[in-house]
Number of protein chains: 2
Amino acid sequence: MTPPDGSGVARTRRRQADKAPSPPTGAGERAIDMGGLPDFIGYALRRAQIRVFEDFIRSLAKLDVSPAQFSVLLVIDRNPGLKQSQVSAVLGIQRTNFVAMVDELERRGLVVRQAVPNDRRSHALVLTDHGRENLRKAAKLQAKHERRLGERLGEGGREALLRLLRALAST
Amino acid sequence: MTPPDGSGVARTRRRQADKAPSPPTGAGERAIDMGGLPDFIGYALRRAQIRVFEDFIRSLAKLDVSPAQFSVLLVIDRNPGLKQSQVSAVLGIQRTNFVAMVDELERRGLVVRQAVPNDRRSHALVLTDHGRENLRKAAKLQAKHERRLGERLGEGGREALLRLLRALAST
DNA sequence: AATAACTGTTATCACATATTACATAAAAAG
DNA sequence: CTTTTTATGTAATATGTGATAACAGTTATT
């Protein structure tokens with residue numbers, strides 16, 4: 001499996017290079033035949049995912065929290081004391097790659113690794129006060145982002161989309 | 001914008017590391033609270049995209065054609081003679097990164113860069129016979145893949161999904 | 001006690017994407 | 001027609017994301 005970020009979207013750098021794909025094709029130049037690409041699930045999925053992640057990143061830019069970081073903070077907040085391996089597993093992040101993520105969150109003072117009473121191998125993850133405060137703000141911005149997406153999808157669109165996406169992802 | 005592949009999916013390597021996110025939570029260990037993550041568009045989108053790309057890659061493994069390569073071959077086939085920059089632009093690939101892609105496709109004998117009559121800067125891209133044949137086979141496998149996805153989505157699900165995804169991606 | 005499995009970690013590798021700089025060539029401006 | 005701007009392809013490079021292998025310390029099994 002794979003982490004909740006990826007998306008190929010550069011979080012730090014400001015994007016906007018080359019140009020967006022196929023602006024409706026101006027006057028003169030003959031339209032380019034996409035060969036049905038936009039009607040393929042995978043292509044449509046990818047395009048949508050990129051857009052949504054871009055919007056997410058813009059929405060939380062103030063806090064500099066990526067989609068992946070948001071998911072990590074959220075899970076730790078709801079399940080304080082989980083081991084690194086547990087958090088990484090539910091999120092589909094490999095524990096080896098998860099190390100650096102926790103390093104960064106710890107460096108920023110959002111998370112701490114705590115000793116576990118009966119197991120000297122594992123680290124229990126908990127949010128600091130600062131981490132909780134940061135998550136609270138992030139969640140607010142994320143909710144706004146989510147609402148914005150919902151509006152684009154029309155009445156009942158969001159729920160329908162979630163159902164369909166789960167159908168694709170399940171099993 | 002961004003290319004049609006990405007997806008964080010390793011095409012070459014065989015995947016399956018760590019374990020899939022949150023298997024329904026067995027008996028003993030208390031369920032982990034995802035904090036509503038699965039109900040967020042971005043998260044669901046990402047998960048679905050990964051799954052779909054994995055399936056695509058498996059489906060076309062025989063031909064060793066990635067989603068990105070498939071889209072490139074398709075566009076060149078439908079619009080023979082387009083310049084590199086045109087192809088990369090419609091697909092949302094930066095022209096600098098597109099160079100290596102064309103190199104590879106050319107190396108494999110699927111595509112050729114042709115001189116353009118009135119412009120000595122640009123290269124016109126066309127499929128070779130081998131490239132066309134390869135695309136034909138790829139399209140067949142892709143169609144099967146697409147049908148399989150459609151079945152998962154139920155009656156009218158595919159069309160509904162495409163509509164919703166386009167709503168997210170547009171503008 | 002010996003062996004196996006778990007946990008976190010480091011070091012790499014592969015690959016996707018973005019940025020910068022450049023050479024050549026065509027187009028636009030003057 | 002010359003100067004300047006823009007377009008095109010390319011290389012070099014940096015960063016991010018994901019996968020693999022190996023390892024040390026610890027705990028669990030046998």
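What you see is a predicted model; the values in this text were computed from it and never measured. Sequence lines set the chain letters: A, B, ... in the order given, protein chains first and strands last, and positions in each chain run from 1. Just so it is clear, the values below take in all heavy atoms, side chains as well, and ignore hydrogens, waters and symmetry mates.
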Value in whole Å for how far the [atom2] atom of [N] lies from [atom1] of [X]:
X        : N      : atom1 : atom2 : answer
A:Leu125 : C:dT9  : CG    : C1'   : 14 Å
B:Ile57  : C:dC15 : CD1   : P     : 11 Å
A:Gln94  : C:dA11 : CD    : P     : 18 Å
A:Asp119 : D:dT27 : CG    : P     : 5 Å
B:Phe53  : C:dA16 : CZ    : P     : 11 Å
A:Arg120 : D:dT26 : CZ    : P     : 5 Å
A:Asn97  : C:dA11 : CG    : P     : 14 Å
B:Ile50  : D:dG18 : CD1   : C1'   : 10 Å

Measuring from the side chain of [X] (C-beta onward, heavy atoms only), which nucleotide among [options] has the closest atom?
X       : options               : result
A:Val99 : C:dA11, D:dG18, C:dG8 : C:dG8
A:Thr96 : D:dT26, D:dA21, D:dG9 : D:dA21
A:Arg95 : C:dT9, C:dA18, C:dT17 : C:dT9
A:Lys83 : D:dT20, C:dT7, D:dA11 : C:dT7
B:Ser85 : C:dT9, C:dT17, D:dT8  : D:dT8

* Structure fact -> Ordered by number, residues from residues 101-111 of chain B within less than 4.0 Å of DNA chain C (heavy atoms) are none
* **Option passing side chain to side chain contact (heavy atoms under 4.5 Å, CB included) with B:Leu127 (candidates B:Leu135, B:Leu110, B:Leu105, B:Asn134)** => B:Leu135
* Asked: Considering heavy-atom distances to DNA chain C, does A:Arg113 or A:Arg121 have its closest nucleotide positioned more toward the 5' end?
  -> A:Arg121
* **Co-members of the apolar cluster containing B:Val126 [side chain, <4.5 Å]** => B:Val112
* Does A:Gln84 place a side-chain N or O at less than 4.0 Å from the phosphate oxygens OP1/OP2 of C:dT9? -> yes
* May I ask you to evaluate whether B:Gln86 reaches the phosphate of D:dT8, defined as a side-chain N or O under 4.0 Å from OP1 or OP2? => no
* Which distance, rounded to the nearest 0.5 Å, do you find between the CD of A:Gln142 and the OH of B:Tyr43? -> 13.0 Å
* To do: For A:Gln114 and A:Gly81, indicate whether the former's side chain and the latter's backbone hold a donor-acceptor pair under 3.5 Å.
  => no
* Is A:Glu104 paired with A:Arg107 through a side-chain N to carboxylate O contact shorter than 4.0 Å? -> yes
* Ion pair check, B:Lys144 and B:Asp55, cut-off under 4.0 Å -> no
* Asked: Taking only residues at least two apart or on different chains, which pairs with a member in residues 75-84 of chain B satisfy side-chain hydrogen bond (donor to acceptor under 3.5 Å, both in side chains)?
  -> B:Gln84-B:Arg113
